[in-house]
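For reference, the structure is listed below as structure tokens.
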Amino acid sequence: MSSGRFYRRMRVQQARRLVMGAELKLVDIVIATCFTSTLRRFCLVVGVILQHLPRKTD
């Protein structure tokens, strides 16, 4: 695995933890995980994360 891919994976994992915690606004998560220059990529990552979250059934 290349160092760039490893670094991206770490950022994605951190973003997932922050999204699941729901303590921060998405813009704060973008900044905290250094996705500011690749906002489109962050949106794709969050989309995948949100699809895999357990859903509350009514």
Side-chain angles (χ1 to χ4, degrees):
M1 177 183 308
S2 71
S3 58
R5 189 173 192 152
F6 177 77
Y7 179 63
R8 184 172 48 244
R9 179 181 286 185
M10 290 187 63
R11 289 176 20 215
V12 168
Q13 290 171 347
Q14 179 65 13
R16 183 177 190 275
R17 284 190 290 273
L18 293 172
V19 168
M20 301 246 335
E23 297 292 324
L24 298 172
K25 296 177 184 180
L26 284 180
V27 68
D28 294 329
I29 295 171
V30 168
I31 294 167
T33 54
C34 301
F35 276 100
T36 54
S37 63
T38 56
L39 187 56
R40 181 171 184 256
R41 175 74 178 143
F42 178 80
C43 291
L44 293 173
V45 167
V46 169
V48 170
I49 291 168
L50 293 178
Q51 286 179 358
H52 291 92
L53 290 179
R55 300 213 181 257
K56 185 176 177 182
T57 57
D58 294 323

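Residue numbers run from 1 in the order of the sequence given.
Qualifying side-chain hydrogen bond (donor to acceptor under 3.5 Å, both in side chains) partners for Gln13, counting only residues two or more places apart in sequence or in other chains: none.
Between Tyr7 atom OH and Arg11 atom CZ the span is 5.0 Å, to the nearest 0.5 Å. Considering OG1 of Thr33 and CZ of Arg16, their distance stands at 14.0 Å, rounded to 0.5 Å.
Across Ala32 and Leu18, no two heavy atoms sit closer than the pair CB-CD1, 4.1 Å.
For the residue pair Arg17 and Gln14, a side-chain donor N or O sits within less than 3.5 Å of a side-chain acceptor on the partner.
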